[in-house]
Amino acid sequence: MNQRGNKIEQSQKILDLASKLEVPSTKKGAEVWPIISSKLTSRSKLIKLSGWMKIAASISLVYITTYLLYQTHNVTVITSKAQQKEVVLPDRSKVLLNAESKLHYNKLTWALDRSLTFEGEGYFEVVEGSAFTVNSTNGTTRVLGTSFNIYARAGNYEVSCSSGRVQVDIPNRSQRVLDPGLSTSNSDESTNPIPFEKSRVLGWKKGEFYFESQPLADVLATVERQYDVKIISQQTDLKRRYTGFFTNKDIDETLKVVCLPMGLNYELLDAKNIKIYKTKMFN
């Protein structure tokens, strides 16, 4: 085998070795290198390296170590149904997550890049500093130091600014900058931000939910999230629009204020399942 062939073969051995290095996700950053070193020592006898390949191997190991350190600092927070949770980020910024929401960031790179991914609904209180970016499937929000609410569920994306200024980027829409008291969403026909009522948009923080001409499907999904139940609808038009208000304190009262105006009845099948159906007078 010629020299070039030897180098290719040795390179492949390094890659094969790298692919076999595994570190449990529960390990802290300081514990990663001893594990890697131990594995390399036990396997190094299998590979005889030339001078330049030793350099290449060292570079590869630096890359692998950095990657594994990064992975061990990943943080994901998920809230379940009927749960709210406050998350304190490395810079002391705070996020209050509503039920069934998900937030992901990396502690290792946070000081250089204050960015995270988010889906669901959350209220952000950002301390001043470098740019702070929230990436969601249907849009991106950037700020320096401010407080704002993001609703990102099932194709819907809405940002409401409480203080400071917020820059919102939504695909196929012009960039929008929000001042306090203004909001924007991917369903707005107007290119300009619109005013919002804090009591309505931020009511969820106190367990209060307001709807104005919202599809019944979205309203029932909110009921499911807040009470940790499953709603089974029978012969029900879920595209009908609902306007009203309820809290997450009493499931029976909530079902009454949602169902009665819509000509629906409900039945509590058990602690976790509810059936909704048309009343006879609306057949």
Side-chain angles (χ1 to χ4, degrees), residues 77-87 95-103 118-124 136-139 149-160 183-189 194-283:
V77 182
I78 301 174
T79 52
S80 59
K81 290 182 177 180
Q83 180 189 25
Q84 289 187 9
K85 185 172 184 178
E86 182 178 79
V87 179
V95 186
L96 178 61
L97 299 178
N98 200 354
E100 283 197 317
S101 298
K102 181 178 180 179
L103 178 152
F118 172 79
E119 300 294 334
E121 184 168 23
Y123 184 74
F124 294 73
S136 299
T137 302
N138 293 292
N149 193 81
I150 294 180
Y151 181 93
R153 297 187 191 275
N156 298 311
Y157 189 72
E158 181 175 339
V159 181
S160 305
S183 71
T184 188
S185 74
N186 58 358
S187 62
D188 287 344
E189 295 182 359
I194 60 175
F196 71 94
E197 294 183 38
K198 286 188 177 182
S199 60
R200 290 178 174 269
V201 173
L202 305 180
W204 67 266
K205 297 168 64 180
K206 300 185 295 182
E208 299 174 352
F209 301 86
Y210 296 83
F211 302 89
E212 183 173 352
S213 190
Q214 293 294 312
L216 182 58
D218 293 348
V219 177
L220 296 181
T222 300
V223 175
E224 289 182 323
R225 277 193 296 271
Q226 295 304 315
Y227 286 99
D228 190 12
V229 295
K230 176 65 177 178
I231 295 178
I232 304 166
S233 59
Q234 294 183 345
Q235 298 181 333
T236 303
D237 182 3
L238 299 179
K239 295 181 180 180
R240 293 177 61 193
R241 299 282 172 165
Y242 172 84
T243 296
F245 157 84
F246 63 78
T247 72
N248 61 2
K249 310 303 180 186
D250 186 318
I251 182 65
D252 193 58
E253 183 65 26
T254 292
L255 291 171
K256 286 180 182 177
V257 299
V258 172
C259 292
L260 293 181
M262 305 296 287
L264 300 172
N265 207 340
Y266 65 91
E267 180 181 348
L268 301 176
L269 302 177
D270 53 46
K272 291 290 184 180
N273 294 280
I274 299 168
K275 181 172 70 173
I276 289 181
Y277 54 95
K278 284 185 179 181
T279 58
K280 291 183 179 180
M281 63 179 292
F282 282 85
N283 287 336

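Considering only heavy atoms from C-beta on, V87 comes within 4.5 Å of L97 through its side chain. In this structure, the side chains of I274 and I251 come closer than 4.5 Å at one or more pairs of heavy atoms. Contact annotation: the side chain of E100 never approaches that of S80 to less than 4.5 Å [non-hydrogen atoms, C-beta and beyond]. In this structure the side chain of C259 never reaches within 4.5 angstrom of the side chain of N265, judged on heavy atoms. A 4.5 Å side-chain heavy-atom check between Q235 and Y277 finds every atom pair outside the cut-off. Between K256 and V258 there is no side-chain heavy-atom pair separated by less than 4.5 Å. At least one side-chain heavy atom of W204 sits under 4.5 Å from a side-chain heavy atom of N149. Side-chain contact check for V257 versus E253: some heavy-atom pair is nearer than 4.5 Å.
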Derivation of the side-chain contact (heavy atoms from CB on, under 4.5 Å) call for T184 and Y157: CA-CA 8 Å; T184 188; Y157 189 72; over 6 Å; no
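The main-chain N or O of S101 is found under 3.5 Å from a side-chain atom of T79 such that the two form a donor-acceptor pair. A donor-acceptor contact shorter than 3.5 Å links the side chain of N186 to the backbone of G155. S185 places a side-chain N or O within 3.5 Å of a backbone atom of S187 that can act as its donor or acceptor partner.
Across A99 and A82, no two heavy atoms sit closer than the pair CB-N, 3.7 Å. Residues L96 and K205 approach most closely at CD2-CG, 3.8 Å, considering heavy atoms.
Within 6.0 Å of the CD atom in E212, the count of heavy atoms belonging to other residues, nucleotides or ligands does not exceed 12. The local environment of NZ in K81 is crowded, with over 12 non-hydrogen atoms from other residues, nucleotides or ligands closer than 6.0 Å.
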Mind listing the side-chain donor-acceptor pairs of residues 215-229 below 3.5 Å, one per line with the distance, residues two or more places apart or on another chain?
unit_1, atom_1, unit_2, atom_2, d
T222, OG1, D218, O, 3.1
T222, OG1, R225, NH2, 3.3
E224, OE2, I231, N, 2.8
Q226, OE1, N248, ND2, 3.4
Q226, NE2, N98, OD1, 3.2
Y227, OH, T247, O, 2.8
Y227, OH, K249, N, 3.2
Y227, OH, D250, N, 3.0
Y227, OH, D250, O, 3.1
Y227, OH, T254, OG1, 2.8
D228, OD2, K272, NZ, 2.7

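Cation-pi geometry between K102 and F118 is not met: the NZ or CZ atom fails to fall both under 6.0 Å from the ring centre and inside 45° of the normal.
L260 contributes atom CG, which lies 9.5 Å from atom CG of L255 (distance to the nearest 0.5 angstrom). Here the OG-CG distance, from S233 to L264, works out to 9.0 Å after rounding to the nearest 0.5 Å. How far OG1 of T243 is from CZ of F211: 10.5 Å, rounded to the nearest 0.5 Å. Atom OG1 of T236 sits about 10.5 Å away from atom NZ of K275, to the nearest 0.5 Å. The OH atom of Y151 sits 6.5 Å away from atom CD of E121, with the distance rounded to the nearest 0.5 Å.
T137 and E119 share a side-chain donor-acceptor pair at under 3.5 Å.
When ring centroids are compared, F246 and Y210 stay outside the 6.0 Å threshold.
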